[in-house]
Amino acid sequence: MDIRAPKGTDDILPPESHLWRHAVTTFDNLAQRYGYGLTLTPLFEQTELFARGVGEDTEVVEKQMYTFADRKGRSLTLRPEATASVVRAYLSGGGDGVFKGSYSGPMFRYERPQKGRRRQFYQVGVEYIGEAGPFADVEVIELGYRYLQEMGVPDVAVQLNSIGDVADRQTFRTVLQEWLRERQELLSPDARRRIEGNPMRVLDSKADTEVTADAPTPAEFLGSDSAAHFAVVRSGLERIGIPYVIEPRLVRGLDYYNRTVFEYVPRQYGAAQSAVGGGGRYDGLAEVLGGRPTPGVGLAMGLDRILLASDGVDLGPLLDAFIVVAEPGNTSDAVGLASRLRLEGWRIDIDPGGRSVKAQFRKADKKDARAAIVVGTEWVDNEVVVRDLARGVQEVIPVEEIGQWLTNR
RNA sequence: GUGGCCGUAGCUCAGCUUGGUUAGAGCGCCUGGUUGUGGUCCAGGAGGUCGCGGGUUCAAAUCCCGUCGGUCACCCCA
């Protein structure tokens, strides 16, 4: 086999894929409980959407996008994230009122793969569009935190910061730029390059932590509105019992953020890519994309990293029963029984290949079935043997009682 | 884009330093341990161009060069 999956992509097969399905359905259910509706957007968009939405000076747009020309020469890009798409979809649909959307699916970034970083990776997320008030921030942050709890990710720290509104950022940016220019020769080449284009990102660069230890932080430049907003976000989180820590240097890498930004970081997590999720407010994004000014706040969580950080979740047995064909002559009856039980909604598998009873039981075990149903000599009396595989006990019951028997297990 | 480590059975690896008869282990897989019964145990079996190409040598998984691939880290992000 000389054709393999492209660099940085993975095949996710059973049984591991069951965990992924669980991750997605858990998120779907949670988002529904918070009033978010499923929002499906294209996996590729006009390149312009990300260039403008995410920001020309960001790492993502500068060198991580999968961009290609289609047959008519249009520049398209596989989505590196979903927020810009959802906001675009909101605006395309009229862009009126409050919109709460959730999504899940693959994102694409051209990077050197490593642990917890793939070229095709999977995110779940929500966007709360059209609401400027701080309780939207609180709700989004809470939802992400609850999700990590449900996914068995232990000891999650919510790192929180406010980088101010557009005006605050402008003031801060100017001051920070000045401060950085004075220390240019101490900074890494990357950081020096960013002074003009995107000075805030120097702050959370690990290479320059020593130099920037006493640099000005966004918090010192919050206007009264932003400060009040942030105060309510914090008290709101405390009110519902979501623990957080203020991280003054957290600024995040995408240009569209303003005011509240946050990340979820599991403590004691070995891999280098520590954040399993993050998000923030993006009140200016809609305008950048050509829509009317619309506030918004959102969240994205990386499934790959969540599953790495998770202690594990118990999915329970994958099959309700495995049907064992005791003699070749019973195959047709057994297949018929499987059909009926599946129609009733039970998860049933069967091996009609004429293997030994022993082999079929082995398979029942391997397939993680709760029970085995043996179709054998009792069939002429309309009976089967039902065996509880976990307990190792079995009994003979009439065929029509199988459903009842499975229900009571 | 930069750097470290690694490519031997489906998976995880040993063997390579001191080149030499049929290349090993564990797990997994298949079959069996008589009478229709799994998960434990026991026995047997299938399965390998030693990533690929070239070189050195009487002889290369083992030494040298190249190449492709994987992996981890930096940068940055989910």
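Because the structure is a prediction, the values reported are computed rather than measured.
Between the CD atom of E395(A) and the P atom of U37(B) there is a distance of 19 Å, rounded to whole Å. The nearest whole Å value for the distance from the CZ atom in F262(A) to the P atom in A78(B) is 10 Å. Atom pair K63(A):NZ and C74(B):P shows a separation of 14 Å (rounding to whole Å applied). Taking atom CG of L250(A) as the reference point, atom P of C77(B) lies 10 Å away to the nearest angstrom. In this structure, CD1 of I373(A) is placed 15 Å from C1' of G38(B), rounded to the nearest angstrom. Rounded to whole Å, the distance from CG on L13(A) to P on G28(B) is 19 Å. The distance from atom CZ of R79(A) to atom C1' of A78(B) is 13 Å, rounded to the nearest whole Å.
Here K358(A) reaches the OP1 or OP2 of G38(B): one of its side-chain N or O atoms lies under 4.0 Å away. The phosphate of A73(B) (OP1 or OP2) has a side-chain N or O of Q114(A) nearer than 4.0 angstrom. A sub-4.0 Å separation between OP1 or OP2 of G70(B) and a side-chain N or O of K7(A) is present. Side-chain N/O atoms of R252(A) include one lying less than 4.0 angstrom from OP1 or OP2 on A78(B).
For R33(A) and E150(A), the salt-bridge test passes: some basic side-chain N is under 4.0 Å from an acidic carboxylate O. A salt bridge does not link E111(A) to R119(A): none of the charged side-chain nitrogens sits closer than 4.0 Å to a carboxylate oxygen.
By the 6.0 Å and 45° rule, K100(A) stacks over the aromatic ring of Y128(A).
With C1' as the reference atom, G1(B) and A14(B) are 37 Å apart, rounded to whole Å. Taking atom C1' on both A73(B) and U31(B), the two are 47 Å apart, rounded to the nearest angstrom. G69(B) and G24(B) have their P atoms separated by 32 Å, with the value rounded to a whole Å.
Taking the six-membered ring for Trp and the full ring otherwise, Y257(A) and Y282(A) have centroids separated by 6.0 Å or more.
Contact annotation for R109(A): base contact, defined as any heavy-atom pair under 4.0 Å involving a base atom. At a threshold of 4.0 angstrom between heavy atoms, the contacts of E111(A) include nucleobase atoms, whether or not backbone atoms are also involved. Note on G392(A): a base of the nucleic acid sits closer than 4.0 angstrom, heavy atoms only.
Using modelled atom types, one finds no donor on one side chain facing an acceptor on the other under 3.5 Å when comparing T39(A) with E127(A). Neither side chain, Q64(A) nor R109(A), offers a donor N or O lying under 3.5 Å from an acceptor on the other.
Residue R118(A) is tested with D304(A), D10(A), D11(A) for a salt bridge (charged side-chain N to carboxylate O under 4.0 Å, His left out); the sole match is D10(A).
The base of G3(B) is paired with the side chain of R112(A) by a donor and an acceptor separated by under 3.5 Å.
Within residues 360-371 of chain A, the residues approached by RNA chain B to less than 4.0 Å at the level of any non-hydrogen atom are F361(A), R362(A), D365(A), K366(A), in residue-number order.
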